[in-house]
Amino acid sequence: MNQNIDVSIIMGSDSDLPIMKDCAKFLEQMQISYEIKILSVHRTPEKATEYAKILKENGVKVIIAGAGGAAHLPGVFAAMLPTVPVIGVPIHTKTLGGVDSLYSIVQMPSGIPVATVAINGAKNAAILATSILAVGNEELTNKLADFKNSLKDVVSQKDEKLQQIGYESYLSNQ
């Protein structure tokens with residue numbers, strides 16, 4: 001592990017990577033240091049435990065954990081690192097559409113919170129991690145404010161296009 005990372009992105013399987021890449025992309029955009037790992041608390045519990053110890057020793061500031069199905073990964077890391085914010089990303093599943101993942105992550109016992117975003121909401125997890133890191137960091141606060149202001153511009157541009165070409169043309173061009 002790089003000793004200077006702010007965020008650890010972990011996932012239970014490589015099948016989660018197409019979703020979790022959105023975390024990495026946003027953190028890169030914000031110039032936040034991170035690393036990304038595949039760990040299974042069910043299949044490789046010793047490796048997951050050792051990684052949690054390394055994260056603690058190296059002072060990671062936020063963990064983003066994506067998991068599908070039973071989705072214990074975020075909760076286990078929240079239990080092992082009780083002073084580090086953990087953001088869970090429930091991953092869509094074929095059997096229950098990700099609701100199983102959502103319930104597994106959001107239903108943590110009192111005292112072991114895991115912030116939870118929408119199913120497949122990896123980018124929002126990265127935005128939340130950025131908000132946490134921005135506390136007391138004016139440069140990061142400004143970057144985050146610029147990003148959020150850019151969202152207003154996107155909506156305005158879409159409305160302008162809708163007004164110019166009408167809803168039928170708008171829909172046929174998407």
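If you read the sequence from its start, that first residue is 1, and numbering goes on from there. All values derive from a computational prediction rather than experimental measurement.
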**Report entry** side chain to side chain contact (heavy atoms under 4.5 Å, CB included) assessment of L55 paired with V84
**Finding:** CA-CA 10 Å; L55 290 177; V84 177; over 6 Å; no

Requested in this report: Might you confirm whether atom OH of Y103 has over 12 heavy atoms from other residues, nucleotides or ligands at distances under 6.0 Å?
Outcome: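 12 or below, so no.
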
Query raised in the report: Is it true that atom CD of E139 has more than 12 heavy atoms of other residues, nucleotides or ligands lying nearer than 6.0 Å?
Result: no

Query raised in the report: What is the minimum heavy-atom distance between V114 and A78, and which atoms define it?
Result: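 Heavy-atom minimum between the residues: CG2-CB, 3.6 Å.
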
Requested in this report: Could you tell me which non-hydrogen atom of P90 sits nearest to which non-hydrogen atom of V117, and how far apart they are?
Outcome: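 In this case the closest contact between P90 and V117 is CD-O, 3.3 Å.
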
Side chain to side chain, [X] and [Y], heavy atoms closer than 4.5 Å:
{"X": "V41", "Y": "F77", "result": "yes"}
{"X": "K47", "Y": "E50", "result": "no"}
{"X": "V86", "Y": "I112", "result": "no"}
{"X": "N58", "Y": "I5", "result": "no"}
{"X": "I32", "Y": "V7", "result": "yes"}

Would [X] and [Y] show up in the same hydrophobic cluster when neighbours are defined by side-chain heavy atoms closer than 4.5 Å?
{"X": "L73", "Y": "V99", "answer": "no"}
{"X": "L140", "Y": "L151", "answer": "yes"}
{"X": "V106", "Y": "I64", "answer": "no"}
{"X": "L102", "Y": "M11", "answer": "no"}
{"X": "I87", "Y": "I38", "answer": "yes"}

Working to the nearest 0.5 angstrom, can you tell me the gap between [X] [atom1] and [Y] [atom2]?
{"X": "Q29", "Y": "L144", "atom1": "CD", "atom2": "CG", "answer": "10.0 Å"}
{"X": "N120", "Y": "T93", "atom1": "CG", "atom2": "OG1", "answer": "9.5 Å"}
{"X": "L81", "Y": "I63", "atom1": "CG", "atom2": "CD1", "answer": "4.5 Å"}
{"X": "I119", "Y": "L96", "atom1": "CD1", "atom2": "CG", "answer": "10.0 Å"}
{"X": "E35", "Y": "I54", "atom1": "CD", "atom2": "CD1", "answer": "8.5 Å"}
{"X": "I10", "Y": "I36", "atom1": "CD1", "atom2": "CD1", "answer": "10.5 Å"}

Give the table of side-chain donor-acceptor pairs shorter than 3.5 Å for residues 125-134, with sequence neighbours excluded, one pair per line with atom names and distance.
{"unit_1": "T130", "atom_1": "OG1", "unit_2": "A126", "atom_2": "O", "d": "2.8"}
{"unit_1": "S131", "atom_1": "OG", "unit_2": "I127", "atom_2": "O", "d": "3.2"}

**Report entry** Summary of salt bridge (Lys or Arg N to Asp or Glu O under 4.0 Å) pairs that have at least one residue in residues 153-164, sequence neighbours excluded
**Finding:** none

**Report entry** Within residues 60-70 or reaching into it, pairs that qualify as salt bridge (Lys or Arg N to Asp or Glu O under 4.0 Å) - sequence neighbours excluded
**Finding:** D6-K61

Query raised in the report: Under the side-chain hydrogen bond (donor to acceptor under 3.5 Å, both in side chains) rule, what pairs show up with a residue in residues 140-151, not counting sequence neighbours?
Result: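 Pairs touching residues 140-151 that pass the test: Q31-K143, N149-K152.
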
N/O donor-acceptor pair under 3.5 Å between [X] side chain and [Y] backbone:
{"X": "S101", "Y": "I91", "answer": "yes"}
{"X": "S33", "Y": "N4", "answer": "yes"}
{"X": "S104", "Y": "A70", "answer": "yes"}

Query - Under 4.5 Å side-chain linkage, directly or through intermediates, the cluster mates of Y167 - result: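 Via sub-4.5 Å side-chain contacts, Y167 links to L162, I165, Y170, L171.
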
Could you list the donor-acceptor pairs under 3.5 angstrom formed by side chains in residues 16-24, with sequence neighbours left out?
{"unit_1": "D16", "atom_1": "OD2", "unit_2": "G12", "atom_2": "N", "d": "3.4"}
{"unit_1": "D16", "atom_1": "OD2", "unit_2": "S13", "atom_2": "N", "d": "3.3"}
{"unit_1": "K21", "atom_1": "NZ", "unit_2": "P18", "atom_2": "O", "d": "2.9"}

